[in-house]
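What's counted below: heavy atoms across the whole structure, side chains too, no hydrogens, waters or symmetry copies. Here the structure is a predicted model, which means the values were calculated and not measured. Throughout, a chain's letter reflects where its sequence line sits, starting with A, and its residues are numbered from 1.
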2 protein chains.
Amino acid sequence: MGMGTNWLNDVEMRAWRSMLSAHSQLYNQLDEELVKAHGITFAEYEVLVHTSEGQGGSVRMASLAEATLVSRSGLTRRVQHLVAVGLLERRRCKEDKRGTFAVLTPLGWEKLRAAAATHVRGVREHMISKLSRVELEALADALEKVAGQNSGLG
Amino acid sequence: MGMGTNWLNDVEMRAWRSMLSAHSQLYNQLDEELVKAHGITFAEYEVLVHTSEGQGGSVRMASLAEATLVSRSGLTRRVQHLVAVGLLERRRCKEDKRGTFAVLTPLGWEKLRAAAATHVRGVREHMISKLSRVELEALADALEKVAGQNSGLG
DNA sequence: ATGAGATAGTTGCAATGGCAATCAAATTTT
DNA sequence: AAAATTTGATTGCCATTGCAACTATCTCAT
């Protein structure tokens, strides 16, 4: 602005760059492991997880979009694909005829159960095992502050 | 495997979920701010930054791809676009005729200078200001451990 | 009840990005 | 030095995704 840019100092730069790098590596690694072992992407796995947390394994589309950090149109198509491969069903909402539920099928529950084992193992191996308990807590606390008020699911 | 999945406990889950959430929010926010203020995406900004760090504002394509966490084909097209809008030039490498340098143009330097101010302000506002100095250091340390041996650029 | 506006969800379209194949040039092997 | 392999980079093709536009339904003010 008036003067030259007040650049990020070393700690600030390390925090920001390692955030990009750690996220990228973790995401790609976990995604690859799920695809190889179970034929679903991490994004699809996230849909199954959040669906399973709703009443009777069913969640409204908008809520699912928010939980999985994707746009509504993006979610529509992800669900379309998961329906096509038999892991989800769509159910019309009786209270609000505009609404739609995504519902886990028995096959979806089974896929989720199997994929969760792979996913949890991956998170432990690629993230948690690299940190002490204290470091992990500090990481969780700091990241939650950065993420802001995003605790509940909806 | 023999027994049920050993689920993530509370701290582990908080760390992992907040990583996804914090990254998503930060990335989208910083991207939007750059697009609005300077007409370039965050991904493009990253290319300008890493190019500026090379000798004479020039970097080999492969090195740039690695630094910006994108595939080589993805980088080829990003650079194509930045060339089309006049922020970069391509220069053939004399020592290795297969190679190509991306080189910042004067316009590219100017755009970088302006965009950096916006970007740094955004990082401070959306990440750094939410943490104490101690928390920030803990975050940087933890994320670097998760990211592994990715310090140098190339 | 009716019309204005908000909300749930889907679709067209365009941008982005990765994988595999390809081409050119460098390096290694024999 | 010819052949085989590796490496740098680009392109074709396809999958994913977001924005804007659209439809259907709901809510609220009058």
Side-chain angles (χ1 to χ4, degrees), chain A residues 20 23-25 27-32 34-36 39-47 51 54 58-85 88-103 154, chain B residues 20 23-25 27-36 39-47 50-51 54 58-85 88-103 154:
Chain A
L20 292 177
H23 175 272
S24 170
Q25 287 187 237
Y27 189 97
N28 292 136
Q29 184 74 39
L30 294 172
D31 185 61
E32 184 185 327
L34 279 180
V35 169
K36 278 200 174 137
I40 61 173
T41 64
F42 176 64
E44 290 167 344
Y45 171 75
E46 284 274 278
V47 171
T51 304
S58 74
V59 183
R60 287 287 291 273
M61 297 292 283
S63 171
L64 205 41
E66 196 175 355
T68 57
L69 307 173
V70 77
S71 69
R72 290 189 180 192
S73 58
L75 183 81
T76 291
R77 287 182 261 245
R78 258 192 227 171
V79 167
Q80 277 172 355
H81 181 237
L82 288 168
V83 167
V85 298
L88 287 183
E89 282 177 0
R90 293 162 51 82
R91 186 191 300 152
R92 303 179 50 94
C93 175
K94 311 217 166 180
E95 297 81 46
D96 185 341
K97 287 175 186 167
R98 298 166 302 181
T100 304
F101 284 99
V103 192
Chain B
L20 293 177
H23 175 273
S24 170
Q25 287 188 238
Y27 189 98
N28 293 136
Q29 184 74 39
L30 294 172
D31 185 62
E32 184 186 328
E33 288 172 3
L34 280 179
V35 169
K36 278 200 174 137
I40 61 173
T41 64
F42 176 65
E44 290 167 345
Y45 171 76
E46 283 275 278
V47 170
H50 288 284
T51 304
S58 73
V59 183
R60 288 287 291 272
M61 297 295 282
S63 171
L64 204 41
E66 195 175 357
T68 56
L69 307 172
V70 77
S71 69
R72 290 189 178 190
S73 59
L75 183 81
T76 291
R77 285 182 262 245
R78 261 193 225 170
V79 167
Q80 278 171 353
H81 181 238
L82 288 168
V83 168
V85 297
L88 287 183
E89 283 177 359
R90 294 162 49 82
R91 186 191 302 153
R92 302 180 49 97
C93 175
K94 312 216 164 181
E95 297 81 48
D96 185 340
K97 288 176 186 167
R98 296 167 302 181
T100 303
F101 284 99
V103 191

Listed partners of [X] passing side chain to side chain contact (heavy atoms under 4.5 Å, CB included), at least two apart:
| X | value |
| --- | --- |
| B/Ser73 | B/Ser71, B/Arg77 |
| A/Arg98 | A/Asp96 |
| B/Asn28 | B/Ser24 |

May I have the distance from [X] (atom [atom1]) to [N] (atom [atom2]), rounded to whole angstrom?
| X | N | atom1 | atom2 | result |
| --- | --- | --- | --- | --- |
| B/Glu46 | C/dT16 | CD | P | 16 Å |
| B/Leu64 | C/dG17 | CG | P | 13 Å |
| A/Arg91 | C/dA8 | CZ | C1' | 17 Å |
| B/Tyr27 | C/dT16 | OH | P | 10 Å |
| A/Gln80 | C/dG12 | CD | P | 10 Å |
| A/Glu66 | C/dT7 | CD | C1' | 14 Å |
| A/Arg60 | C/dT10 | CZ | C1' | 14 Å |
| B/Leu69 | C/dT16 | CG | P | 18 Å |

Inset, instruction - Using a heavy-atom cut-off of under 4.0 Å over every strand shown, decide if B/Thr100 touches base, sugar-phosphate, or nothing. - result: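 It contacts sugar-phosphate atoms only.
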
Legend entry - Atom of A/Thr51, atom of A/Ala102 and distance for their closest heavy-atom approach: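 For A/Thr51 and A/Ala102, the tightest heavy-atom pair comes out as CG2-O, 3.5 Å.
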
Inset, instruction - Please report the shortest heavy-atom distance between A/Leu88 and A/Val47, naming the atom on each side. - result: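 Where A/Leu88 meets A/Val47 most closely, the heavy atoms are CD1-CG1, 3.9 Å.
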
Inset, instruction - Quick one: list whatever passes side-chain hydrogen bond (donor to acceptor under 3.5 Å, both in side chains) with A/Glu32, sequence neighbours left out. - result: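 Expected list: A/Lys36.
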
Inset, instruction - Answer yes or no: does a side-chain N or O of B/Arg77 lie under 4.0 Å from OP1 or OP2 of C/dA15? - result: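 No, no such contact exists.
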
Legend entry - C/dG18 OP1/OP2 closer than 4.0 Å to side-chain N/O of B/Arg72: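 Answer is no, no contact under 4.0 Å.
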
Polar-atom pairs under 3.5 Å, protein N or O versus N or O of nucleotides 20-28 of chain C: list them with distances, or write none.
| unit_1 | atom_1 | unit_2 | atom_2 | d |
| --- | --- | --- | --- | --- |
| C/dA26 | OP1 | B/Lys97 | N | 3.0 |

Inset, instruction - Could you tell me from which nucleotide to which nucleotide of DNA chain D, 5' to 3', there is an atom under 4.0 Å from chain A heavy atoms? - result: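 Contact span on the strand: D/dT17 to D/dC26.
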
Inset, instruction - Please answer whether the main-chain N or O of B/Ala43 pairs with a side-chain N or O of B/Arg78 as donor and acceptor at a distance below 3.5 Å. - result: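 Looks like yes, one N/O pair under 3.5 Å.
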
Inset, instruction - Would you state whether a donor and an acceptor, one from the side chain of A/Arg90 and one from the base of C/dG9, lie under 3.5 Å apart? - result: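 Flag unset: no donor-acceptor pair detected.
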
Legend entry - Interatomic distance, B/Arg90 atom CZ to B/Leu82 atom CG [nearest 0.5 angstrom]: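 So the CZ of B/Arg90 and the CG of B/Leu82 are separated by 12.0 Å.
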
Legend entry - Parallel, tilted or perpendicular: ring planes of B/Tyr27 versus B/Phe42, cut at 30 and 60 degrees: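 Ring orientation, 0 to 90° scale: perpendicular.
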
